[in-house]
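What follows is a short report on a single structure.
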Amino acid sequence: MLDKVIMAVFVMISIALLLNLWRLLRGPSLPDRILALDTMYINSIALIILYGLLMGSPLYFEAALLIAMLGFVSTVAVCKFLLRGDIIE
């Protein structure tokens, strides 16, 4: 039963990733594109965690944690660049 649920959630998150990709490519403004990219990395983290549950390996959880940290730092850096025009003061 759990395998069927994980596959259904895989499909749902994959559809969400495709919709985020569409928003990234067709976004009317730069903040919309940044938000789409931020949501894409969150969805990719969810896919990695689901794959880790399916395979039963804790290695995927560590990879998801690394991607989460890098995604947070990159989102903060891009937002700071948009606000001030410079990342490092």
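The analysis underlying the following values was restricted to heavy atoms, covering all of them including side chains, and did not include hydrogens, waters or symmetry mates.
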Cluster question for you: counting only ILVMFWY and a side-chain heavy-atom cut-off of under 4.5 Å, with indirect links fine, are [X] and [Y] together?
| X | Y | value |
| --- | --- | --- |
| Leu25 | Tyr41 | yes |
| Met40 | Leu66 | no |
| Ile67 | Leu53 | yes |
| Val9 | Leu2 | yes |

So how far is it from [X] [atom1] to [Y] [atom2], rounded to the nearest 0.5 Å?
| X | Y | atom1 | atom2 | value |
| --- | --- | --- | --- | --- |
| Leu17 | Trp22 | CG | CH2 | 15.5 Å |
| Leu24 | Leu19 | CG | CG | 12.5 Å |
| Leu37 | Leu21 | CG | CG | 10.0 Å |
| Leu30 | Leu35 | CG | CG | 11.5 Å |
| Leu47 | Leu50 | CG | CG | 6.5 Å |
| Asp38 | Ser74 | CG | OG | 7.5 Å |

Of Ile13, Leu18, Ile15, the one forming a side chain to side chain contact (heavy atoms under 4.5 Å, CB included) with Asn43 is Ile13
Below 4.5 Å, heavy atoms only, C-beta onward: do Tyr51 and Ile6 meet side chain to side chain? no
Given Met7 and Leu54, is the side-chain contact (heavy atoms from CB on, under 4.5 Å) satisfied, shown in steps? CA-CA 9 Å; Met7 286 300 170; Leu54 191 63; 3.7 Å; yes
Go through it in stages, so that I can follow the logic: the residues are Cys79 and Val76, the test is side-chain contact (heavy atoms from CB on, under 4.5 Å), and I'd like the CA-CA distance, side-chain angles, deciding distance and then a yes or no. CA-CA 5 Å; Cys79 290; Val76 169; 5.9 Å; no
Atom CZ of Phe61 with >12 non-hydrogen neighbours under 6.0 angstrom: yes
What closest approach, in Å, do [X] and [Y] show between heavy atoms, and which atom pair accounts for it?
| X | Y | value |
| --- | --- | --- |
| Ile48 | Tyr60 | CG2-O, 3.3 Å |
| Arg33 | Arg23 | CG-O, 4.2 Å |
| Asn20 | Ala36 | O-CB, 3.7 Å |

